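To start, the structure under review is shown below, and the notes come after it.
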Amino acid sequence: MLRFLGKKALEHGAKQRSSRPYSTSHGRGWNPITRGCSAQVAPEVAVAEPGHLLDPSHVRQKASDLVASGAFRRPISGSAARQQEQAARKAGGFEGSIYLHHSDVGRQVNSAALSVGLIHALQVLRPGVGYFRPIDRTSHGGNRVDLMKKVFHIKTPPEDMFALTQDQAYSLLAADKIDDLLEAVISAYERHKRYHDFVVIEGTSMRDGSNTSPINGLIASALESPALLLTDCIAASHHHPKHHEAGGNFEAWDFEKEATSCILDHARIMKQSSVDIAGALLYRTPRTSRGTSRLREYIAEAGIPFLGALPADKSLESFQVEDVRRVLHAQVLYGGDTPHAANSMATEITKTMVATLHLAEILTLIPPSDDPARGALVIAHASRPDILLGMIDLHETHLSTQVAAMVLTGGAPPPAEVDELIRTRPTRVSLPVLLAPKATYDTCLELAKADSELHATSTRKIERAEVMFHEHVDMRVLNQVLFKERPLRMNPKLFQHGIFEKARAAQSHVVLPEGAEPRTVQAAGEVLRRSLCQLTLVGKPDDILTEAKQLRVDLTGANIVNPGLAPNLETYVDILYEARKSKGMTRAEAQELLVTDANYFGTAMVAAGHADGMVSGAIHTTANTVRPALQIIKTLPETPIVSSVFFMCLPDKVLVYGDCAINTNPTAEELAMIAMSSADTAAAFGVEPRVALLSYATGDSNTGPLIQKVADATAIVHERRPDLMAEGPLQYDAAVNMEIAKTKVKGKASEVAGQATVLIFPDLNTGNNTYKAVQQSTGAVAMGPVLQGLRRPVNDLSRGCTVKDIVTTIAMTGVQAAAMKTSSIRQGGAA
């Protein structure tokens with residue numbers, strides 16, 4: 001017998017669950033401010049009789065009565081002192097807060113994903129954003145504080161990130177202790193504010209998922225925070241008769257009106273608590289031919305700022321291997337100790353099947369798929385080593401049959417002989433194999449009742465939440481609504497966001513010669529998921545696809561080219577032969593080099609115009625990456641030198657350092673070329689070039705050969721590029737500090753001194769050590785090196801690079817390529 005547990009079965013099982021009744025279990029009085037036991041609070045305030053049920057509607061009615069009576073406006077003890085402290089905080093740099101109110105909560109995973117996407121976007125706009133939840137650890141919303149702390153690496157102590165658990169809040173509300181509840185929330189919030197300039201406050205949700213606007217309005221009012229209304233479109237319209245009449249066809253009826261009505265209802269209640277509405281943000285919006293036009297229109301008519309609408313996305317609601325492990329309380333027997341285990345545990349389950357037939361029959365029933373990030377979950381009793389070994393072997397092939405994980409039931413591990421056979425394999429098992437404590441039937445029942453969640457380990461879902469938010473929410477509008485007229489401060493996340501936006505718009509084609517290298521494969525997958533560039537991976541398709549399968553990376557959309565079988569090989573042979581025949585290279589040697597050296601092949605692709613740029617160096621030296629480019633692509637006629645820059649992302653600005661990686665001791669002529677190239681590179685990435693050529697003296701305050709070299713280089717820049725703002729020699733402090741510049745640069749106005757953005761070092765020793773000193777001493781993010789001076793962009797990676805480094809370098813290469821296509825410096829460049 002073979003049993004399938006599909007999506008419908010899982011959903012049906014979830015619907016059959018009965019909600020757990022709420023009961024208190026505290027044995028003593030509870031102090032809402034200290035979160036400890038206290039004899040000052042009568043036992044009946046915090047505790048009813050064991051098993052006593054608190055009616056959510058009763059609690060909501062109490063909050064509503066307080067709103068209607070204006071009781072929430074009663075002065076709270078110490079409020080005057082708090083207001084004085086708040087004013088002092090604002091003077092000291094505290095910018096404020098936003099209160100996230102989920103006006104209609106559908107599935108927890110969707111609301112959590114929206115909050116993750118929003119906070120990620122806010123951290124781009126304002127680094128160091130805090131997260132605070134007045135009431136956390138709810139049965140409906142989960143432990144959201146723990147999620148946010150881990151995802152965003154928030155350093156605030158967890159006890160200062162929330163005020164009350166839902167059990168504690170229910171007890172206070174049931175006992176008419178609303179003032180005590182607000183005191184506890186305000187006290188915890190004041191502690192939290194000490195760590196951050198801006199705080200995201202996320203409201204609570206009731207156990208039954210019903211309207212929480214009254215209590216959230218009270219809390220937002222007490223914290224003097226405007227509210228951002230977050231609405232699940234599908235949940236908001238689910239109970240409307242037209243939804244059922246249309247058979248769930250959102251194209252056929254005006255669901256936008258229902259969603260807007262829901263927003264207005266909650267906005268009205270929040271305003272009764274004197275809470276300003278900052279805007280509305282919708283999610284799980286049905287995909288229709290109307291897009292978001294009708295939503296924009298309705299919400300604008302209501303006088304509420306519209307921030308965006310995120311469409312429904314199945315990947316966010318998908319059940320993943322990590323969810324299986326969590327639900328079953330399973331042990332990871334195999335596949336949990338590989339370097340890429342996190343990717344495997346984030347694999348999406350597309351089909352669940354119980355294996356009771358022979359292995360050959362089961363193999364025919366696993367649906368084919370080219371996406372290793374999605375696959376079947378196979379359940380079998382631990383006494384079936386044939387199924388276990390067969391699934392492990394299947395996963396290690398390049399065949400397009402994807403197994404997400406295997407669950408062994410019965411609670412006992414495989415026999416010792418089988419375990420030894422698996423653990424002594426030449427390669428470590430990468431397929432997650434879980435051991436469930438229950439029998440097969442009970443295991444299936446547990447899975448049927450389960451629902452997906454968002455955890456810090458849900459890496460793919462978190463990435464998807466961030467990408468969707470940036471795709472569907474205008475960051476400029478978000479900044480305007482939440483931060484009013486405060487100017488944006490450049491920071492590493494904002495700079496990277498700008499690079500990604502430029503790359504996504506350009507859609508340049510980048511070739512990756514190290515196609516089967518694990519970090520390169522993972523980076524390629526992320527680039528494709530984020531739609532940053534078009535990609536070609538060089539290598540044997542079987543090797544690349546097998547590696548991608550092990551890493552759970554979907555390379556759909558990428559071009560994979562085997563150099564020896566490439567259809568354009570003869571074209572590339574012609575290019576390399578013509579470039580090197582004067583050096584004695586024959587056509588046969590050119591073909592051999594292209595087939596055996598992926599860097600030469602990738603470079604020839606770029607020279608032929610079949611790719612816009614190249615990124616390599618994860619397993620090759622700088623010389624191996626740059627040499628083919630110098631021989632085939634060559635340098636620009638007006639800049640016959642290859643140099644490099646690093647983008648130094650400081651907390652409040654981005655500086656461009658050059659040259660820190662290539663030229664050991666450039667002449668004055670070469671230094672001028674480096675300065676001009678660096679200015680153009682800075683402009684391509686949105687940094688206004690103000691070029692400071694650095695030395696150990698400023699102006700004519702000293703003399704010497706090095707100072708004279710810098711002065712001569714500055715003169716060359718002024719002669720050849722009068723459009724550039726350039727000055728030198730300048731000392732570093734006079735270049736970046738306005739007060740010091742006023743002291744050291746006298747007698748003339750300067751557009752560079754004190755405000756330089758591009759800093760050119762006189763030699764490699766100074767440049768390389770300075771960028772590393774700044775990086776290590778200040779925590780600045782160094783993006784690069786970005787190579788410049790070639791006719792087409794080729795960039796070199798460090799052999800210690802991370803996946804994120806490769807992703808960023810690919811995006812920067814795409815931006816470079818787009819800029820070179822439209823810039824005047826491309827005139828006379830390679831075809």
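Note that the structure is predicted; figures quoted are calculated from it, not measured.
When the side chain to side chain donor-acceptor pair (under 3.5 Å) test is applied to E202, the partners found at least two apart in sequence or on another chain are H102, S115, Y131, R144. The side-chain contact (heavy atoms from CB on, under 4.5 Å) check on T156 picks up I154, D160, M161, H192, Y195, H196, with sequence neighbours excluded. Every side-chain contact (heavy atoms from CB on, under 4.5 Å) that T802 has, sequence neighbours left out, goes to K804, D805. Listed by chain and residue number, nothing satisfies the ring pair (Phe, Tyr, Trp, His ring centres under 6.0 Å) test with H381 (two or more places apart in sequence, or in another chain). D543 pairs by the salt bridge (charged side-chain N to carboxylate O under 4.0 Å, His left out) definition with nothing, not counting sequence neighbours. In terms of the salt bridge (charged side-chain N to carboxylate O under 4.0 Å, His left out) criterion, residue partners of D313 (sequence neighbours excluded) are, by chain and number, R464. Qualifying side chain to side chain donor-acceptor pair (under 3.5 Å) partners for H470, counting only residues two or more places apart in sequence or in other chains: H120.
Within a 6.0 Å sphere centred on NZ of K149, heavy atoms belonging to other residues, nucleotides or ligands number more than 12.
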Side chains of residues 403-411: which donor-acceptor pairs under 3.5 Å do they make with residues two or more places apart or in other chains?
unit_1, atom_1, unit_2, atom_2, d
T409, OG1, T440, OG1, 2.6

Side-chain donor-acceptor pairs under 3.5 Å in residues 331-342, sequence neighbours left out?
unit_1, atom_1, unit_2, atom_2, d
Y334, OH, D419, OD1, 2.6
T338, OG1, A341, N, 3.3
H340, ND1, Q522, NE2, 3.4

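Here salt bridge (Lys or Arg N to Asp or Glu O under 4.0 Å) pairs that include residues 394-408, with residues two or more places apart or in two chains, are E396-R425. Applying the salt bridge (Lys or Arg N to Asp or Glu O under 4.0 Å) test to residues at least two apart or on different chains, the pairs with a partner in residues 362-383 are E348-R374. For residues 319-330, every residue pair satisfying the salt bridge (Lys or Arg N to Asp or Glu O under 4.0 Å) rule, not counting sequence neighbours, is listed here: E322-R325, D323-R326, D323-K461, R326-E453.
Side-chain polar atoms of D167 and T165 form no donor-acceptor pair below 3.5 angstrom.
In this structure, L281 and F469 approach most closely via the heavy-atom pair CD2-CE1, 3.6 Å.
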